[in-house]
Amino acid sequence: MTAQLLTNLTTKTNLAKLPRHVAVIMDGNGRWAKQRGLPRIEGHRRGAKTLKEMLRYCKKLGIETLTAYAFSTENWGRPQGEVNFLMTLFERLLQKELKEMEQEEVNLNFIGDLTPLPQSLQQEMRRSTERTKNNRGVFFNVAINYGSRHEMINACRAIAKKVQCGELAAEAISEDTIAQHLYTSASSDPDLLIRTSGEMRLSNFMLWQLAYTEIYVTDTLWPDFDGKQFDRALESFQQRDRRFGKV
Ligand code: FPP
């Protein structure tokens, strides 16, 4: 089939060869705000808008899943005021955007250890996942209090318990067994990881799941990452020769 093109996409984007799952490390909110003489929290506010636009764009293109790294297990080390602001922002966004997400057929899920989060936020999370669980328009995973090593430790513990009680033989542990015990058991592995603001690291994000993912790093700060930038990332992805370790 010849490549179909959407009018607002650059002519090089091939809709027949899109990633199924895009993951994003949304970096540079603080620097974006600083460059404008604004408080860091303003950068997060703008960053949330960018994320909403990206989710819309994914749905429009037919990308099945978007996973966004919103708060890492290390982010608790930020100034208390910024942590509190982010928790309140997540909660308000869930309250404000739920209706629209329902209408737009978004299936919302959270990955991470949610238990240390404020009770009122956990409640909003439960409500929004429950209300969107039958949607199939686009799958949206938000990583909050997420750390990949922590996720793997949890998986090891759960698998070890099954071995201990005789439910599983140690020799039967496979890649699938591990994948099924991660927070992401319901998703395919990301095909494309985008990291903004030029940092060349994974920052404890989906270390297992990113084994064969194509990585795209841009100097653009997250609040400035728009549709055009996303097209560029998709074009770069489409030029890669994905061999998965084969020749
Ligand atoms: C990284 O930029 C950004 C964050 C840690 C927060 C990201 C959160 C959002 C964009 C809100 C999304 C909301 C929902 C509900 C998913 P940084 O602060 O590390 O920037 P810097 O490196 O320039 O300091």
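Order of listing sets the numbers, starting from 1, for every ligand and every atom in it. If you're wondering where the values come from, they're calculated on a predicted model, not measured in any experiment.
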**Enumerated ligand 1 atoms positioned under 4.0 Å from heavy atoms of V142** = 16 (C)

**Asked** Which class fits the ring pair F225 and F230: parallel under 30°, tilted 30 to 60°, perpendicular over 60°?
**Response** tilted

**Complete:** min-distance protein heavy atom vs atom 7 (C) of ligand 1 -> A70 O, 3.5 Å

**Aromatic ring pairing F71/F90, orientation class (parallel under 30°, perpendicular over 60°, tilted between)** = perpendicular

**Prompt:** At the 4.0 Å heavy-atom cut-off, does A68 count as touching ligand 1?
**Reply:** no

**Prompt:** Is N29 close to ligand 1, meaning an N/O of one under 3.5 Å from an N/O of the other?
**Reply:** yes

**Message:** Pairs of nitrogen or oxygen atoms closer than 3.5 Å, one from G30 and one from ligand 1: do any exist?
**Reply:** yes

**Item:** For G47, the ligand 1 atoms whose distance to one of its heavy atoms is below 4.0 Å
**Value:** 10 (C)

**Item:** Worked verdict on R31 versus E199 for salt bridge (Lys or Arg N to Asp or Glu O under 4.0 Å)
**Value:** CA-CA 13 Å; R31 276 163 282 172; E199 311 291 353; 3.3 Å; yes

**Request:** Check each of D224, T50, D27, T220 against W32 using the side-chain hydrogen bond (donor to acceptor under 3.5 Å, both in side chains) test, and report the only one that passes.
**Result:** D224

**Prompt:** Judging by distance only, is a nitrogen or oxygen of R40 under 3.5 angstrom from one on ligand 1?
**Reply:** yes

**Residue part near ligand 1, for L94, under 4.0 Å between non-hydrogen atoms** = neither

**Item:** Crowding at CZ, R136 (>12 non-hydrogen neighbours, <6.0 Å)
**Value:** yes

**Heavy-atom pair of closest approach, residues A70 and I144** = CB-CG1, 4.1 Å

**Message:** Regarding E42 and R45, does a basic nitrogen lie under 4.0 Å from an acidic carboxylate oxygen?
**Reply:** yes

**Prompt:** When you measure from atom 14 (C) of ligand 1 to every protein heavy atom, which one gives the shortest distance, and what is it?
**Reply:** F90 CD2, 3.8 Å

**Fill in**
In terms of its nearest heavy atom to atom 15 (C) of ligand 1, the top option of D27, L221, L93 is L93

**Prompt:** Among T67, N107, T65, whose side-chain hydrogen bond (donor to acceptor under 3.5 Å, both in side chains) with N141 holds?
**Reply:** T67

**Asked** How close does the nearest protein non-hydrogen atom get to atom 19 (O) of ligand 1, and which residue and atom is it?
**Response** R78 NH2, 2.7 Å

**Message:** For a salt bridge (Lys or Arg N to Asp or Glu O under 4.0 Å) check, start with the C-alpha distance between R92 and E97, then their side-chain angles and the critical distance, and finish with the verdict.
**Reply:** CA-CA 8 Å; R92 292 227 177 106; E97 304 291 341; over 6 Å; no

**Item:** Option with minimal heavy-atom separation from atom 23 (O) of ligand 1, where the choices are K96, M26, R31
**Value:** R31

**Prompt:** Can S197 be said to touch ligand 1, with heavy atoms closer than 4.0 Å?
**Reply:** no

**Ligand-side contact atoms (ligand 1) for residue partner N75, heavy atom cut-off under 4.0 Å** = 5 (C)

**Asked** Can you find a heavy atom in the side chain of T132 that is under 4.5 Å from one in the side chain of V106?
**Response** no

**Request:** Only heavy atoms count here, so choose which of Q35, H44, E82 is nearest to atom 4 (C) of ligand 1.
**Result:** H44

